[in-house]
There are 2 protein chains.
Amino acid sequence: MNIKDAADRSGLPPKTIRYYEDIGLIRPARGDNGYRSFSAADLHKLTFLGRARALGFSIEDCRTLLALWEDKDRASGDVKRIAREHLSEVEAKIAALETMRGTLAHLVDACAGDDRPDCPILADLAPRPERRL
Amino acid sequence: MNIKDAADRSGLPPKTIRYYEDIGLIRPARGDNGYRSFSAADLHKLTFLGRARALGFSIEDCRTLLALWEDKDRASGDVKRIAREHLSEVEAKIAALETMRGTLAHLVDACAGDDRPDCPILADLAPRPERRL
DNA sequence: CTTGACCTTCCAGTGACTGGAGACCCCATA
DNA sequence: TATGGGGTCTCCAGTCACTGGAAGGTCAAG
């Protein structure tokens with residue numbers, strides 16, 4: 001199977017698949033013409049990678065998860081640790097974004113948004129004299 | 001004021017301040033020795049930038065907001081539009097992360113995390129035969 | 001005069017791709 | 001056989017917002 005079919009079936013763009021080969025996540029065979037030839041196993045890996053990336057795992061996490069996935073003797077504790085750490089990162093990001101959202105929503109709400117120059121958003125971003133020093 | 005003091009007072013690292021000058025967000029004066037010399041106005045801009053970045057505005061958004069901030073005849077509608085667009089991006093990111101969190105929490109919960117190789121996390125990431133094609 | 005903290009510029013790397021150039025290959029139709 | 005269109009290859013560069021580090025200049029204290 002050529003790269004375009006692999007892309008269509010895995011849901012990953014061809015460029016990304018080439019990149020994954022570049023960084024050693026997959027090793028598709030090559031035909032006589034130099035074209036990559038994707039096996040069913042390659043396709044499974046790509047799909048695995050697509051799902052893991054969609055869950056926000058980093059490439060290095062994916063590399064580890066892929067190795068664990070292929071290791072029949074793995075301990076599930078290893079996988080759980082990675083997932084749990086990733087979960088707390090996701091939760092931290094959510095918390096940070098919630099704070100942003102709160103402030104932004106407040107500012108957008110307070111701003112008239114008309115042709116007048118008064119703008120609570122800029123006023124809030126600006127350093128106020130009594131705050132400095 | 002030298003860059004370190006400006007950094008301490010604005011809360012931005014010196015490297016970041018130099019970078020902001022590089023991309024034209026600020027233009028501090030220079031002393032005879034070539035050192036950057038930060039005025040109160042420069043400091044205000046840096047603080048403004050720090051706050052806007054902390055709210056997740058992109059550098060290009062910051063450039064625009066900074067210009068609007070300095071333009072006394074600006075219309076607050078311009079600012080509100082930028083903030084509202086940014087707010088929806090933040091909300092979209094939160095939604096995506098919430099979905100991730102849900103899936104990850106479920107997976108972490110389902111995984112025994114012991115020495116046995118059974119792992120629902122990997123099983124879920126793996127493409128299942130009945131799902132393929 | 002030396003030490004150490006500070007400053008300068010410039011180059012390179014981060015993560016995870018993405019875009020584009022230039023060249024090669026394959027197949028179908030005229 | 002020529003040609004056209006689509007697929008593929010590699011390699012280089014750019015994205016975003018910094019960050020690290022090297023090599024060298026400057027300054028104030030002791």
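The structure displayed is predicted, hence computed values, not measured ones. Note on naming: letters A, B, ... go to the chains in the order of the sequence lines (proteins, then strands), and numbering restarts at 1 for each one.
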Task: Whole-Å distance separating the CG atom of A:Asp32 from the P atom of D:dT8 - done: 17 Å

Task: Which residues share a ring pair (Phe, Tyr, Trp, His ring centres under 6.0 Å) with A:Phe48, sequence neighbours left out - done: A:Trp69

Task: Interatomic distance where CE belongs to B:Met1 and C1' belongs to C:dC7 [whole Å] - done: 16 Å

Task: Nearest-neighbour nucleotide for the A:Ser58 side chain, D:dA17, C:dA16, C:dC6 considered - done: C:dA16

- [ ] Before accepting this row, confirm whether a basic side-chain N of the pair A:Arg63/A:Glu60 lies closer than 4.0 Å to the acidic partner's carboxylate O.
- [x] yes

Task: Integer-rounded Å distance: C:dT18 C1' and A:Ile23 CD1 - done: 14 Å

TODO: Could you tell me whether the phosphate oxygens of D:dC27, OP1 or OP2, come under 4.0 Å of any side-chain nitrogen or oxygen in B:Asn33?
DONE: yes

- [ ] When you get a sec, tell me which of C:dA16, D:dC27, D:dT8 is the closest nucleotide to the side chain of A:Arg53?
- [x] C:dA16

Open item on the list: For the backbone of A:Leu12 and the side chain of A:Thr16, can you confirm whether one donor and one acceptor N or O come within less than 3.5 Å of each other?
Closed with: no

Side chains of residues 100-107 of chain B: which donor-acceptor partners sit under 3.5 Å, not counting sequence neighbours?
from: B:Arg101; atom 1: NE; to: B:Glu98; atom 2: OE1; distance (Å): 3.4
from: B:Arg101; atom 1: NH2; to: B:Glu98; atom 2: OE1; distance (Å): 2.5
from: B:Thr103; atom 1: OG1; to: B:Thr99; atom 2: O; distance (Å): 3.2

Open item on the list: Rounding to an integer number of Å, can you tell me how far A:Asp5 CG sits from D:dG6 P?
Closed with: 16 Å

TODO: Residues of residues 12-22 of chain A with any non-hydrogen atom less than 4.0 angstrom from an atom of DNA chain D: list those, numerically ordered, please.
DONE: A:Lys15, A:Arg18

Task: Whole-Å gap separating P (D:dG25) and CG (B:Asn2) - done: 19 Å

- [ ] For the residue pair B:Thr64 and B:Asp61, confirm or rule out a side-chain donor-acceptor distance under 3.5 Å.
- [x] no

Open item on the list: Between P on D:dG24 and OH on B:Tyr35, what's the gap in Å once rounded to a whole number?
Closed with: 16 Å

Open item on the list: Please determine whether a side-chain nitrogen or oxygen atom of B:Arg30 lies at a distance below 4.0 Å from atom OP1 or OP2 of D:dT26.
Closed with: no

Task: Rounded distance (Å) that lies between atom C1' of C:dC17 and atom CZ of A:Phe57 - done: 20 Å

Task: Closest-nucleotide 5' rank along DNA chain D - winner of B:Ile59 and A:Lys4 - done: A:Lys4

Task: Length of the line joining A:Lys93:NZ and C:dG15:C1', which is rounded to integer Å - done: 11 Å

- [ ] Tell me which nucleotide among C:dA16, C:dT9, C:dC7 gets nearest to the side chain of B:Arg36.
- [x] C:dT9

- [ ] Look at A:Arg36 together with A:Glu21 and state whether they make a salt bridge at an N to O cut-off of under 4.0 Å.
- [x] yes

TODO: Please check if the side chain of A:Lys80 supplies one atom and the backbone of B:Cys111 the other of a donor-acceptor pair under 3.5 Å.
DONE: yes

